[in-house]
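Data block below; observations after.
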Number of protein chains: 2
Amino acid sequence: MQEKPQPPVGGSVTADDVAELAGVSRWTVNRAYKKDAPISAKSRKKVMEAAEKLGYVPDLLASSLASDRSNLVALLIDDFANPHKLVMMERLTRILRKNGWDTLLVNTISEEDASAALLNASQRRVDAAVLIGTKFNHTELETALGARRVKKLILFARNTAYKNTISICCDDSDAMTMIYDYVVKRGYRKPLFLAGPQSPSAHVLRKDTFLKLWTDAWGETPHWISVPAYDPHLAFIETRDYLKQLAPSDRPDVIVCENDSLAMGAMDVVRYELGLRVPEDIAITGFDDVPQAAGPHYQLTTYRQPLTDMANALVAVLKGGEVAEDLTRFDGHLMVRTSA
Amino acid sequence: MQEKPQPPVGGSVTADDVAELAGVSRWTVNRAYKKDAPISAKSRKKVMEAAEKLGYVPDLLASSLASDRSNLVALLIDDFANPHKLVMMERLTRILRKNGWDTLLVNTISEEDASAALLNASQRRVDAAVLIGTKFNHTELETALGARRVKKLILFARNTAYKNTISICCDDSDAMTMIYDYVVKRGYRKPLFLAGPQSPSAHVLRKDTFLKLWTDAWGETPHWISVPAYDPHLAFIETRDYLKQLAPSDRPDVIVCENDSLAMGAMDVVRYELGLRVPEDIAITGFDDVPQAAGPHYQLTTYRQPLTDMANALVAVLKGGEVAEDLTRFDGHLMVRTSA
DNA sequence: ATATTTCTTGCACGCGAGTGCAAAACACTC
DNA sequence: GAGTGTTTTGCACTCGCGTGCAAGAAATAT
């Protein structure tokens, strides 16, 4: 029923139409839209007025095709259970948009679809693929680069040794060292490390750093368990199963988590399954500083990454210059709250 | 440094290349990729082999340009504080992708950027714009339709009386009636309604329905307050300010919230600011059934919308057929948990 | 074997704009 | 006002593929 939009004329207005009305050539019309193009103020004005009158907007599809620059970025996510992703998406889309890029949201949850989705994105000639997922594997990356149209592959908030890839993240080992120092300073001595999926990808660095620091300083390696996804609910299950089979005297006095998503699940276990207090009985630390972490319930001591700076760095990379600084060493803050 | 991908030849493989290698014309190559196109099995096979060998993938940009069908949908969001959005995004992207559509994520948080973002999306000739935001205003919609390239405007999980717009949502008034019935059945008699922004858009229907039902049945209109965004933290603040100035005897016995995002904020107030118990002192209901609502902490009684069905309906609309059924009357379930 | 019908294939033209260069228009100097 | 330099403008060609139609090949009928 609502089948007839197109209040103006049928079809869309092209640069030719504008050119005719403005009494110039089509190329001049296009120039009018290009920042610092060789065009006189007068004819730009004529063009803009004509464009306004006709409701003309340049067609990005045609433009991308002709120029081989799509101003499109694919954002690949496989982890919609982690609220931090929402924060990242908001920040990234906003900052990318401000700089002229649009964002293609690609859901790579199911393994099979992942490479298909990536391929599909590449068919749109995205200027870059940004991964903020967790489980990406190397063959997937190969696929991405294999499809020649993905010009840049960027891991956001993740580090990796994989070549041909640009990583924008903070220094996990510095960050984890801060957490370690804090935990030790507060007097905790029986830590449990709660890790995410043990894929060959990024986060393991956090675990490894913490375990190594602890082992070097105290002579014994802390226990640790792994959760197959950064999902609070899965973290809840794994942590519960682990803690419940432990004698009370063997319980940790602090659970250091790879991120907030896991920390929230762990805290729920401590309180609702074990009936213990946080931090008096068991303290908890996270990573990411999701919005909920600041709420009265969790009050999570965690680490906040400088997302805005990182997003701006992403823009810089997209703009193409060789970026001088090291993009894997951003510094964040330790947010101290009451959970530890 | 990682500046030379393109393992194969420089530039990308086009249908012409494939055609040459396969010994057919370019058009036959394209036909090979088109479901039920007039082409012999033999030549399709030849083409596919050649394509495989060269690593050819059809260019969607060129295709969209030529066919005026982008298979792109713009997803507009202005509310990244509500965890339910993450669920929606996951569901929508997955189902859209399965049906051949890609998703452009457009952040419309800042009012100024909103119409610019929308315009920008329209320049990519999206097949439709799907709004899952909250504060969209009518002028924005006008802008969207004004840019002739937005062919369809769809409100997802929101109802509206606005013409030229397709709404896919569940029947808010049925849903709210279920909640009302439940609340009454459980014996609550002093409700407070916690509403979101009072824009001329959708959700007010939930508030209006509840207030009307209550007023009709009990002769007096419940108190209600409004939060300027569906943000748990803002809900916390508003609810706290309201409840704290109330004499204990005037406190509600149940807080009916427009959605879970608000409900979580409200519950935190009840517990951590008032030091009361949920549901014994004050019960709480939500709407949406976000993942956290099922966690041990909130255990929120809420209403779950049939997102998958709704997403499939969206696909049906995109596929263009006049959809017979009423798209504004999906039915969800009341998820009864311990919060009320 | 010839006439028909049906399936395949090739092609001209178009989608809407970008690029680099050459011609045209304007400015300025002496 | 001719000569030189600079700014503007126009144009041919290209990007990779879709559409509709007409010619060619293959299959069926007579």
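Excluded from the calculations below are hydrogen atoms, water molecules and symmetry mates; all remaining heavy atoms, backbone and side chain alike, are included. Proteins come first, then strands; the chains are lettered A, B, ... in the order of their sequence lines, and each starts at number 1.
- Residue-to-nucleotide proximity on DNA chain C shows that, of A:Ala15 and B:Thr28, the 5′-proximal contact is made by B:Thr28.
- Among the nucleotides C:dT19, C:dG18, D:dC17, the one closest to the side chain of B:Ser63 is D:dC17.
- Between the CG atom of A:Leu65 and the P atom of D:dC17 there is a distance of 9 Å, rounded to whole Å.
- Toward the 5' end of DNA chain D, the nearer of the two residues A:Ser67 and A:Ala41, judged by each one's closest nucleotide, is A:Ala41.
- Along DNA chain C, the nucleotide nearest to A:Asn30 and the one nearest to B:Ser40 differ in position, and the one closer to the 5' end is contacted by B:Ser40.
- Taking every side-chain heavy atom of A:Arg31 into account, D:dT9 is the closest of D:dT9, D:dC17, C:dG16.
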task = Check the pair A:Glu49 / A:Lys45 against salt bridge (Lys or Arg N to Asp or Glu O under 4.0 Å), numbers first and verdict last.
result = CA-CA 6 Å; A:Glu49 287 172 353; A:Lys45 181 151 172 276; 3.5 Å; yes

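- Using a 4.0 Å heavy-atom cutoff across all strands shown, B:Arg44 reaches no nucleic acid atom at all.
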task = In sequence, state the C-alpha distance, the side-chain angles, and the governing distance for A:Ile132 and A:Leu92, and then conclude on side chain to side chain contact (heavy atoms under 4.5 Å, CB included).
result = CA-CA 11 Å; A:Ile132 62 174; A:Leu92 285 173; 4.2 Å; yes

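- Residue A:Arg125 contributes atom CZ, which lies 12 Å from atom C1' of C:dG18 at whole-angstrom precision.
- Residue-to-nucleotide contacts include a donor-acceptor pair under 3.5 Å from the side chain of A:Arg26 to the base of C:dG18.
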task = Check the pair A:Arg97 / B:Asn107 against side chain to side chain contact (heavy atoms under 4.5 Å, CB included), numbers first and verdict last.
result = CA-CA 8 Å; A:Arg97 180 83 287 279; B:Asn107 180 339; over 6 Å; no

request  = Dump the intermediate steps for side chain to side chain contact (heavy atoms under 4.5 Å, CB included) on A:Met89 and B:Phe80, then the final yes or no.
outcome  = CA-CA 8 Å; A:Met89 282 194 245; B:Phe80 286 81; 4.2 Å; yes

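- In this entry the distance linking CG of A:Asn71 with P of C:dG18 reads 11 Å, nearest Å.
- If you measure from atom OH of B:Tyr56 to atom C1' of D:dC17, you get 7 Å, rounded to the nearest angstrom.
- For B:Glu20 and D:dG16, the CD to C1' distance is 16 Å, given to the nearest whole Å.
- Atom CG of B:Leu61 is separated from atom P of C:dA17 by 13 Å (rounded to the nearest Å).
- In this structure, B:Asp68 atom CG and D:dG18 atom C1' are separated by 11 Å, rounded to whole Å.
- In this structure, B:Ser43 reaches the sugar-phosphate backbone alone: every heavy-atom distance under 4.0 Å involves primed, P, OP1 or OP2 atoms, never a base.
- Note on B:Ile39: only backbone sugar-phosphate atoms sit closer than 4.0 angstrom, heavy atoms only; bases stay farther off.
- Atom pair A:Arg124:CZ and D:dG16:C1' shows a separation of 15 Å (rounding to whole Å applied).
- A salt bridge links B:Asp68 with B:Arg125: at least one charged nitrogen is closer than 4.0 Å to a carboxylate oxygen.
- At a cut-off of 3.5 angstrom, counting only N and O atoms as typed in the model, there is no donor on one side facing an acceptor on the other between the side-chain of B:Trp27 and the base of C:dT8.
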